[in-house]
There are 2 protein chains.
Amino acid sequence: MNISTKTEYAVRALTELAINSTDKPVSINDICKNQNLPVKYIEQLFRKLKQNGLVKSVHGAKGGYQLALKIHNISLKDIMEAVDENYVAPFCNGNAEEHVHCIGLPCGFKELWDEINEHTENYFDSIKLDQIVARL
Amino acid sequence: MNISTKTEYAVRALTELAINSTDKPVSINDICKNQNLPVKYIEQLFRKLKQNGLVKSVHGAKGGYQLALKIHNISLKDIMEAVDENYVAPFCNGNAEEHVHCIGLPCGFKELWDEINEHTENYFDSIKLDQIVARL
DNA sequence: GGATAACATATTAAATTAGTATGAATTGGC
DNA sequence: GCCAATTCATACTAATTTAATATGTTATCC
């Protein structure tokens with residue numbers, strides 16, 4: 001149970017966008033200089049962030065990225081889901097055929113995993129980018 | 001961010017101990033038969049659980065494992081910490097020398113990671129084995 | 001047209017995961 | 001005392017994941 005490097009990097013990088021929230025896009029290069037992050041790796045993360053609608057991009061020279069949403073509408077959960085796909089693990093959906101160790105039906109642990117998933121999702125969704133930025 | 005197979009297995013296995021909570025120890029073999037788990041892997045997990053004081057063991061024939069604590073005194077956090085060492089990730093302790101990407105001191109993100117760690121620790125510590133068993 | 005920067009895909013080295021293999025030490029029952 | 005059952009201990013392994021790097025293409029500004 002831990003927060004991945006991907007999530008950490010994405011938070012750091014998006015924070016840069018939030019801080020430089022003028023109308024001009026910020027390039028990956030600038031982001032990585034400020035946060036000391038590997039450029040090519042961050043490029044990959046930003047493509048995922050874009051696919052998930054968290055950022056928008058401007059091509060070509062003087063191009064770069066901008067937040068696609070207001071900073072109070074981007075949660076840590078959003079970021080984790082974007083870069084880290086399936087960030088919580090509901091091992092068992094109650095269906096023995098899809099989970100080797102569940103011999104009987106229904107699986108008695110499903111309720112537990114579901115509850116954990118719901119709790120952690122809600123928690124990470126409650127942490128918004130503006131709060132993160134505010135505490136820097 | 002997910003719950004590991006180790007934790008899942010440990011929960012399932014400890015649940016078996018909790019259910020068969022007579023004075024007789026339960027063997028790894030029986031546990032694994034009931035929960036359909038890999039014997040040798042569970043052996044390893046139980047050694048860790050023992051090192052962490054969650055279970056006690058009886059050597060030799062008719063031996064096996066028993067819970068070392070009352071089931072309301074064993075939390076999901078205890079289990080995770082035992083089998084999954086460092087189950088939360090405080091990437092940055094505020095010290096740049098120990099975290100490559102923190103250029104400046106103090107690291108502005110430390111507070112965030114600390115808060116997440118504390119929250120998730122408290123949450124998993126609030127889930128006790130008796131509650132898990134009760135809902136099976 | 002050249003520099004800048006996003007976009008895309010392939011590769012890679014190291015670490016982690018989820019086991020398996022082998023064997024030693026300990027105990028209960030016959 | 002021996003045998004089976006069982007914990008205990010360590011080493012190995014195959015597959016996956018992680019955290020990148022490498023190479024190149026496409027789009028845009030000046």
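Chain identifiers are assigned alphabetically (A, B, ...) following the order of the sequence lines, protein sequences preceding nucleic acid strands; residue numbering begins at 1 within each chain.
Annotation for B:Gln131: atom CD counts as buried by contact number, over 12 foreign heavy atoms lying within 6.0 Å.
When rounded to the nearest whole Å, the span between CG of A:Asn29 and C1' of C:dC7 equals 15 Å. Taking atom CG of residue B:Leu37 and atom P of nucleotide C:dA18, one finds them 13 Å apart after rounding to whole Å. A straight line from NZ of A:Lys48 to C1' of D:dA20 spans 12 Å, rounded to a whole angstrom. For B:Arg47 and C:dT26, the CZ to P distance is 15 Å, given to the nearest whole Å. Computed from coordinates, the A:Leu17 CG to C:dA6 C1' distance equals 14 Å when rounded to whole Å. For the pair A:Glu43 CD and D:dT21 P, the interatomic distance rounds to 12 Å; values are reported in whole Å. Rounded to an integer number of Å, the gap from A:Tyr41 OH to C:dA13 C1' is 14 Å. Summarising the geometry, the separation between CD1 on A:Ile28 and P on C:dA5 is reported as 11 Å, rounded to the nearest angstrom.
Contact between the side-chain N/O atoms of B:Thr5 and the OP1/OP2 oxygens of C:dA18 is found at a separation under 4.0 Å. A close approach under 4.0 Å does not occur between any side-chain nitrogen or oxygen of B:Tyr65 and OP1 or OP2 of D:dT6. Here B:Tyr9 reaches the OP1 or OP2 of C:dG19: one of its side-chain N or O atoms lies under 4.0 Å away.
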Working for salt bridge (charged side-chain N to carboxylate O under 4.0 Å, His left out), residues A:Glu115 and A:Lys110: CA-CA 8 Å; A:Glu115 195 177 296; A:Lys110 175 177 172 5; over 6 Å; no
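Side-chain proximity of A:Pro38 to D:dA4, C:dA3, D:dT21: nearest is D:dT21. Picking from C:dA21, C:dA18, D:dT23 the nucleotide with the shortest atom distance to the side chain of B:Lys40 gives C:dA21. Side-chain proximity of A:Ala61 to the nucleotides C:dA8, C:dT4, D:dT21 is greatest for C:dT4.
Ion pairing of A:Glu16 with A:Arg12 is absent here, as no side-chain N (NZ or NE/NH1/NH2) approaches a carboxylate O to less than 4.0 Å.
Closest of all the heavy-atom pairs between A:Leu129 and A:Thr15 is CD1-OG1, 4.2 Å.
Using a 4.0 Å cutoff on non-hydrogen atoms, the parts of residues 49-59 of chain A near DNA chain D are A:His59, ordered by number.
By the 4.5 Å heavy-atom criterion applied to side chains, B:Glu118 and B:Asp114 are not counted as neighbours.
Of the possible polar contacts, one joining the A:Lys128 side chain to the A:Asp125 backbone as a donor-acceptor pair under 3.5 Å is found.
Ring-plane geometry between B:Tyr41 and B:Tyr9 is classed as perpendicular, the angle between the planes exceeding 60 degrees on a 0 to 90 degree scale with a lower cut at 30.
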